[in-house]
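What follows is a short report on a single structure.
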Amino acid sequence: GDPVPAVWSRNALVMVEEAERGRSMESVAWAQDTRSWGRKWEEERYPEGIKWKFLEHKGPVFAPPYEPLPENVKFYYDGKVMKLSTKAEEVATFFAKMLDHEYTTKEIFRKNFFKDWRKEMTSEEKSTITNLSKCDFTHMSQYFKAQSEARKQMSKEEKQKIKEENERLLKEYGYCVMDNHKERIANFKIEPPGLFRGRGNHPKMGMLKRRIMPEDIIINCSKDSKIPPPPPGHKWKEVRHDNKVTWLVSWTENIQGSIKYIMLNPSSRIKGEKDWQKYETARRLKKCVDKIRNQYREDWKSKEMKVRQRAVALYFIDKLALRAGNEKEEGETADTVGCCSLRVEHIKLHPELDGQEYVVEFDFLGKDSIRYYNKVPVEKRVFKNLQLFMENKQPEDDLFDRLNTSILNKHLQDLMEGLTAKVFRTYNASITLQQQLKELTNPDDNIPAKILSYNRANRAVAILCNHQRAPPKTFEKSMMNLQSKIDAKKEQLADARRELKSAKADAKVRRDEKSKKTVESKKKAVQRIEEQLMKLEVQATDREENKQIALGTSKLNYLDPRISVAWCKKWGIPIEKIYNKTQREKFAWAIDMAEEDYEF
DNA sequence: CCGACTACTTAGTATACCCAGG
DNA sequence: CCTGGGTATACTAAGTAGTCGG
């Protein structure tokens, strides 16, 4: 296999040096501690399930306390001014801040909000405020708009002050020490209270997300570390020392009752190693995917219904990169599905469609309520099986009634160690990128054209994984701007060509050095403008093709970064053209280890 | 096998920020 | 120097998948 990337152990030293250059006593102390821990052990492997041996951090940063509105900002009920209690006012401001958003017009949102708001009211408020439609938040809303406007208009000095305060916070709370590394924490700030905004048609939208207090917080750190003190006058819910998990802080959220965590940044050793491992698992799948494909094709003929369903579902997961589709609690979340949870109503069978045989039409809402719509020709056996699965069922019945993700994953585990449904998405995404890069990269292209090819390869993956985005609000406008830039450039080019022509004619007559030189410089100018024009045109194509497709998600989560690094090395593309700073930090391990001949 | 619980990855959108061009 | 538009980052919701106890 591949060697362990040196980047993590090297980073540890770099981080220590950086800390030592810091001015505050605090950071010097940290640096010294870090170094002594660094001596304790060098990058050793841990026994199964152990995630770390030493963990020290400063605890979370809590949301700023509520600041009551100034006296002159009024709330009106039924046309009359009403002074709200602090608690009721705070919740009202959450609604007022969202007044322009479509959410606040939705029936469920309003109902949930009003119900939770009433819980925060005094008994007098409760008896007065009985109808949300009679509540007038517009003055509050205007006040907040003015506030954010004022924030934009702040002087440079004021903005600088805020920036410095954020930096201070980051420096103090944004890092932890895990073993011999000083690591960046991903989300050290606790989520502030507000109104829950689910995606899609979420039954809980508008509910009050309550303020998290120290008493809700579980701290996880090692016994021999400096345990972070709770804010004065408060206590932690619990301090534990569990080195079988990677999180530093957790609390239970009140909307779904699920646990939220504070964890490390993707640049950290613990996340990076896991990421690397993920792609290694996908590469192991590459070695046996043919066998697995043959196997599930055989299983389409099985006598057992359960086996047939499993085999058809796996075919979808493999061919269409569908998600596994865990069961969800009905009524608790938006109604979305993945492969195993598909219902009869989500597919249509067309024995023939647009000249193709055996077409399956998919139409369902997947993760984040993003619509998956696709017409796919399938093999006859798959088609016949689907007909069988749908026999005597209602639209709302499960398509794969004998199957769930746990059954499927158990089966996959037998086919390959560590294989689960999601590995297929990773595998197919990465292999597609590699193939597309081979196919689309033209060795004679210049760098911008090669990058366009890269983006097209990336886009093929995003389409496969159905990574969509709302077209940016400014899309049309920015396209028009770009087009007028292109037009201007074309005119400039025409001018330059005319000038070149006349310079040539001039040189022919004069036949002197000076006019020859002029021709040369005019030639250069034409070339330069041609290049600029081509760059703009490439940009326009790229942007148009990207209108509704999000490239970021696949780049960050599905594409083995070593493929991209190798491609950059092979074609002499600076890595900065492909990965921004954050991405380079996350993929430091890959940048470190991949050579130009890397094969996924 | 099931449901509850837990830990972790993947996801789109809102907002902050920065820099090119007027 | 200012502005606006485009990119980077922050945010947090919504998935996957494992474990455990009955």
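Heavy-atom basis, side chains included; hydrogens, waters and symmetry copies ignored. Naming convention: chains lettered A, B, ... in sequence-line order (proteins, then strands); numbering from 1 in each chain.
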Exercise. Hey, where on DNA chain B does chain A first and last touch, going 5' to 3'? Cut-off is any atom under 4.0 Å from a heavy atom.
Worked result: dT6(B) to dC18(B)
Problem set entry | For Phe94(A), all residues meeting ring pair (Phe, Tyr, Trp, His ring centres under 6.0 Å), sequence neighbours excluded | none
Exercise. For the residue pair Trp247(A) and Leu55(A), what are the closest heavy atoms and their distance?
Worked result: O-CD2, 4.2 Å
For this session: For Ile255(A) and dC11(C), give me the distance from atom CD1 to atom P, rounded to whole Å.
Result: 19 Å
Problem set entry | Nearest-nucleotide comparison on DNA chain B, the residue closer to the 5′ end among Ser258(A) and Thr426(A) | Ser258(A)
Exercise. Ring pair (Phe, Tyr, Trp, His ring centres under 6.0 Å) with Phe144(A): which residues, sequence neighbours excluded?
Worked result: none
For this session: Give Pro192(A) one of three labels, base, sugar-phosphate or nothing, depending on what nucleic acid heavy atoms sit under 4.0 Å from its own.
Result: sugar-phosphate
Seminar exercise, completed: Judged by nearest nucleotide, the residue sitting upstream toward the 5' end of DNA chain B, Lys278(A) or Asp242(A), is Asp242(A)
For this session: Figure out the CD1/P separation between Ile259(A) and dG18(C), and round it to whole Å.
Result: 18 Å
Problem set entry | Contacts of Tyr558(A) that satisfy ring pair (Phe, Tyr, Trp, His ring centres under 6.0 Å) - sequence neighbours left out | His467(A)
Seminar exercise, completed: Phe364(A) meets the ring pair (Phe, Tyr, Trp, His ring centres under 6.0 Å) criterion, sequence neighbours left out, with Tyr372(A)
Exercise. Just checking, is any N or O donor in the side chain of Tyr261(A) or Thr246(A) under 3.5 Å from an acceptor N or O on the other one?
Worked result: no
Exercise. Whole-Å distance between dA17(C) C1' and Leu403(A) CG?
Worked result: 15 Å
For this session: Would you mind listing every ring-ring contact (aromatic ring centres under 6.0 Å, His included) that reaches into residues 406-431 of chain A, with sequence neighbours excluded?
Result: none
For this session: Give Lys51(A) one of three labels, base, sugar-phosphate or nothing, depending on what nucleic acid heavy atoms sit under 4.0 Å from its own.
Result: sugar-phosphate
Exercise. Hey, does Ser250(A) reach any base, or is it just sugar-phosphate, or nothing, if we go heavy atoms under 4.0 Å?
Worked result: nothing
Problem set entry | Check: Phe113(A) ring centroid to Phe95(A) ring centroid under 6.0 Å | yes
Exercise. Which whole-number value in Å describes the distance from Glu585(A) CD to dA10(C) C1'?
Worked result: 15 Å
For this session: Please list all pairs passing the ring-ring contact (aromatic ring centres under 6.0 Å, His included) test where one or both residues lie in residues 311-341 of chain A, with sequence neighbours left out.
Result: Trp300(A)-Tyr315(A), Phe316(A)-Phe362(A)
For this session: Please find out if less than 6.0 Å separates the ring center of His57(A) from that of Phe188(A).
Result: no
Exercise. Do any pairs count as a salt bridge (charged side-chain N to carboxylate O under 4.0 Å, His left out) and have a residue in residues 546-557 of chain A, sequence neighbours left out, and if so which ones?
Worked result: Glu476(A)-Lys547(A)
For this session: Taking side-chain hydrogen bond (donor to acceptor under 3.5 Å, both in side chains) as the test, write out the residues that go with Glu90(A), two or more places apart.
Result: Arg211(A)
Exercise. Quick one: Leu412(A) CG to dA17(C) P, roughly how many Å, whole number?
Worked result: 9 Å
Exercise. Does the side chain of Asn428(A) pick up a donor-acceptor pair with the side chain of Asp318(A) at under 3.5 Å?
Worked result: yes
Restricting to nitrogen or oxygen on both sides, can you table the protein-nucleotides 1-6 of chain C pairs closer than 3.5 Å?
residue : atom : partner   : partner atom : Å
dG5(C)  : OP2  : Lys477(A) : NZ           : 2.7

For this session: Could you identify which residues of residues 548-559 of chain A place a heavy atom less than 4.0 Å from some atom of DNA chain B, listed by residue number, or say none?
Result: Thr553(A), Asn557(A), Tyr558(A)
For this session: Say whether Ser222(A) and Asn243(A), considering side chains only, have a donor N or O and an acceptor N or O under 3.5 Å apart.
Result: no
Could you list, one pair per line, each protein nitrogen or oxygen that sits under 3.5 Å from a nitrogen or oxygen of nucleotides 13-16 of chain C, together with the distance?
residue : atom : partner   : partner atom : Å
dA13(C) : OP1  : Lys209(A) : NZ           : 3.1
dA13(C) : OP2  : Lys260(A) : NZ           : 2.4
dA14(C) : OP1  : Arg199(A) : N            : 2.7
dA14(C) : OP1  : His202(A) : ND1          : 3.4
dG15(C) : OP1  : Thr336(A) : OG1          : 2.8
dG15(C) : OP1  : Asp368(A) : N            : 3.2
dG15(C) : OP2  : Lys328(A) : NZ           : 3.0
dT16(C) : OP1  : Ala324(A) : N            : 3.3
dT16(C) : OP1  : Gly325(A) : N            : 2.7
dT16(C) : OP2  : Asn326(A) : N            : 3.0
dT16(C) : OP2  : Asn326(A) : ND2          : 3.3

